[in-house]
Amino acid sequence: MAAFQPSLECENISNIHSDQTDSDLIQKTDERYRETLPNLPKGKGWMTEHLVQYQGFWLTPNAALKILMWVQDHFKPRPTDIFLASFPKSGTTWLKALIFATVNRTRYGFADHPLLTTGPHDCFPFLDAHLQEKDRSRFDLDRFPSPRLLSIHIPYILLPNSMTDHQSCRFVYICRDPKDVLVSKWLFLNKLRPKDFPPISLEEAFELFCQGISHYGPFWDHVLGYWEASLETPEKILFLKYEDLKKEPLVVVKRLGDFLGYPFSLEEESKGVVEEIVKLCSFENLSTLEVNKVSVQKFSKDTIIDNRHFFRKGKVGDWKSYLTTEMVERLDEITYEKLLGSGLVFGS
Ligand code: PAP
């Protein structure tokens, strides 16, 4: 089994000058960005002034759009790369921990596991976060050991061919009932909003979400992109639901092991290794660890988030405490119509 080092162990490379950084190529992407940005449709932002619509999806103009273009123009995937893809607030943090623990299970003991002292986002970095402008020239993804574990919110159809190519890397996608996604996202962004940015009401957030105007939205297009691709290439994309993971974590983790090429042996199963992983990564365990209560997650110089904000309730159906009957009916109706004929359903 190839060893994976968490990003903390990779930090010592961050000062090494990267050969990958070709200033001409980067300049070209910067030019493409500067030329494209002014012509894009604008929508109201949830915690930035506005979002812009690029190739059908709503992105933050300064971060997500720039990073997307960088990925499209420069990112070099390896066949061994493992990507965790998700629409924000769908279970990314949980699945990061589960994949990290599954892939590295022969490397670390459960008593002194890195996840006990390092947050899931540090063990399993966002590709986006490492491509922020300031970091490009100093953080060299080429030097990450294989298999690289990288997470993305980028919609499937916006990924470069090099990533979606059948020969290349694997994706695990996690989705969640949009009602829980909306509530989780609204509460999360309320905590992150800069003090000088006016709060956004649930009614307003609901309206924007229904119109598809939210980071990496429309939600339904994001989910359908990965869903359809997973039907076409099931060996390349594993499509998971948060609700299934909640209901049958052992079954899903075993599927995860098989899909990633790290199947659990009968001996491991009888020793309770799958149960140990599920317990280690459970909401009850992770949310009470010191690292996830007091540390911060530094995604970039300007984006620093308290780890505790990634752990709120971790429940299915918490939308019942927030959404009105009318909101539920409207959102369910949109979901029904958008997913009609796709074979994908969310329980309500
Ligand atoms: P991100 O997109 O910002 O990375 P993400 O991790 O996808 O967020 O979603 C956060 C949600 O997952 C939160 O849901 P809630 O607001 O409805 O509570 C968070 O509580 C939940 N979550 C985080 N860790 C776990 C876990 N170990 N088990 C179950 N749910 C979890």
Side-chain angles (χ1 to χ4, degrees), residues 46-47 59-60 63-64 83-102 113 115-116 118-129 149-155 172-193 202 205 209 214-217 219 222-223 226 240-250 252-253 256 276-289 291-293 295-300 303-323 346:
W46 294 47
M47 57 171 277
L59 307 168
T60 51
F83 287 97
L84 166 58
S86 58
F87 188 84
K89 312 321 289 179
S90 300
T92 323
T93 311
W94 189 12
L95 209 55
K96 279 187 176 192
L98 287 169
I99 295 176
F100 179 82
T102 299
H113 201 279
L115 279 167
L116 298 173
T118 308
H121 292 284
D122 271 323
C123 291
F124 196 136
F126 269 105
L127 172 63
D128 319 17
L149 304 184
L150 295 165
S151 114
I152 51 169
H153 287 318
I154 298 174
V172 179
Y173 185 78
I174 181 139
C175 72
R176 188 182 188 188
D177 185 317
K179 301 190 288 301
D180 275 330
V181 169
L182 164 66
V183 168
S184 180
K185 189 180 166 79
W186 177 66
L187 293 168
F188 179 72
L189 293 185
N190 269 343
K191 290 173 197 149
L192 301 195
R193 176 171 303 101
L202 179 58
F209 191 87
S214 68
H215 306 77
Y216 297 98
F219 167 86
H222 199 286
V223 173
Y226 281 94
L240 300 177
K241 290 184 189 164
Y242 183 94
E243 293 77 14
D244 293 343
L245 198 44
K246 269 281 180 197
K247 205 158 130 198
E248 295 189 304
L250 299 177
V252 177
V253 170
L256 197 57
E276 287 280 8
I277 289 177
V278 168
K279 202 166 103 192
L280 172 71
C281 303
S282 67
F283 183 88
E284 293 67 29
N285 185 48
L286 290 184
S287 63
T288 51
L289 296 173
V291 64
N292 294 323
K293 284 203 294 191
S295 305
V296 295
Q297 182 58 48
K298 192 173 175 205
F299 287 110
S300 72
T303 316
I304 299 170
I305 303 175
D306 288 352
N307 268 340
R308 69 193 157 93
H309 293 328
F310 293 102
F311 303 90
R312 191 182 63 88
K313 282 197 183 163
K315 293 209 165 113
V316 172
D318 193 44
W319 53 265
K320 289 177 191 143
S321 312
Y322 293 88
L323 303 183
F346 289 103

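Every number for a ligand or one of its atoms is a count from 1 in the order of the listing. No hydrogens, no waters, no symmetry mates; every other heavy atom, side chains included, goes into these values. From a predicted model like this one, the values you see are computed outputs, not experimental measurements.
Considering only heavy atoms from C-beta on, S151 stays 4.5 Å or farther from L127 through its side chain. Counting only heavy atoms from C-beta outward, the side chains of H215 and W46 approach each other to under 4.5 Å. Two residues are said to be in side-chain contact when any heavy atoms from C-beta on lie closer than 4.5 Å; F87 and P178 fail this criterion.
The distance from ligand 1 to the heavy atoms of F311 drops below 4.0 Å at these ligand atoms: 20 (O), 23 (C), 24 (N). Remark: ligand 1 atoms within the under-4.0 Å shell around heavy atoms of P88 are 2 (O). Those atoms of ligand 1 that come under 4.0 Å of a heavy atom in H153, given as number and element, are 2 (O). Close contacts between ligand 1 and C281 involve ligand atoms 27 (N) [criterion: under 4.0 Å to a heavy atom]. Of all atoms in ligand 1, numbered sequentially from 1 with element shown, those under 4.0 Å from a heavy atom of K313 are 18 (O), 20 (O). Within ligand 1, counting atoms from 1 as listed, the ones closer than 4.0 Å to a heavy atom of G314 are 15 (P), 18 (O), 20 (O), 30 (N). If you number the atoms of ligand 1 from 1 as listed, the ones under 4.0 Å from a heavy atom of G91 come out as 5 (P), 6 (O), 7 (O), 9 (O).
Ligand 1 has a nitrogen or oxygen under 3.5 angstrom from a nitrogen or oxygen of R312. Here's the thing with K315: none of its N/O atoms is less than 3.5 angstrom from an N/O atom of ligand 1. In terms of polar-atom proximity, defined here as any N/O pair under 3.5 Å, R176 does make such a contact with ligand 1.
No heavy atom of K96 sits closer than 4.0 Å to any atom of ligand 1. Every heavy atom of S86 sits 4.0 Å or more from the atoms of ligand 1. Ligand 1 lies within reach of Y242, whose nearest heavy atom is under 4.0 Å from it. Residue-ligand proximity: K185 is placed with every non-hydrogen atom at 4.0 Å or more from ligand 1.
Checked by atom type and distance alone, the side chain of K246 pairs as donor or acceptor with a backbone atom of G314 at under 3.5 Å. Judged by distance alone, the side chain of D306 and the main-chain N or O of R308 form no donor-acceptor pair under 3.5 Å. In terms of modelled atom types and a separation under 3.5 Å, the side chain of N292 and the main chain of S287 share no donor-acceptor contact.
The protein non-hydrogen atom at the shortest distance from atom 6 (O) of ligand 1 is T93 OG1, 2.5 Å. With respect to atom 26 (C) of ligand 1, the closest heavy atom belonging to the protein is W94 CG, 3.4 Å. With respect to atom 8 (O) of ligand 1, the closest heavy atom belonging to the protein is K89 NZ, 3.0 Å. For atom 22 (N) of ligand 1, the nearest non-hydrogen atom of the protein is F310 O, 4.0 Å.
In this structure, K96 satisfies the cation-pi test against F126, with its NZ or CZ atom closer than 6.0 Å to the six-membered ring centre and inside 45 degrees of the ring normal.
Counting only non-hydrogen atoms, the option in V316, T92, V183, L286 that gets closest to atom 5 (P) of ligand 1 is T92. Compare A97, S282, S184 by their heavy atoms: the one nearest to atom 15 (P) of ligand 1 is in S184.
Using cut-offs of 30° and 60° on the angle between ring planes, the pair F219 and F209 is tilted. Using cut-offs of 30° and 60° for the angle between ring planes, the Y216 and H153 rings count as tilted.
A donor-acceptor pair shorter than 3.5 Å can be found between the side chains of H121 and T93.
Here F83 and Y173 keep their ring centres 6.0 angstrom or further from each other.
Just one residue in the list F124, Y242, F100, F283 forms a ring-ring contact (aromatic ring centres under 6.0 Å, His included) with W94, and that residue is Y242.
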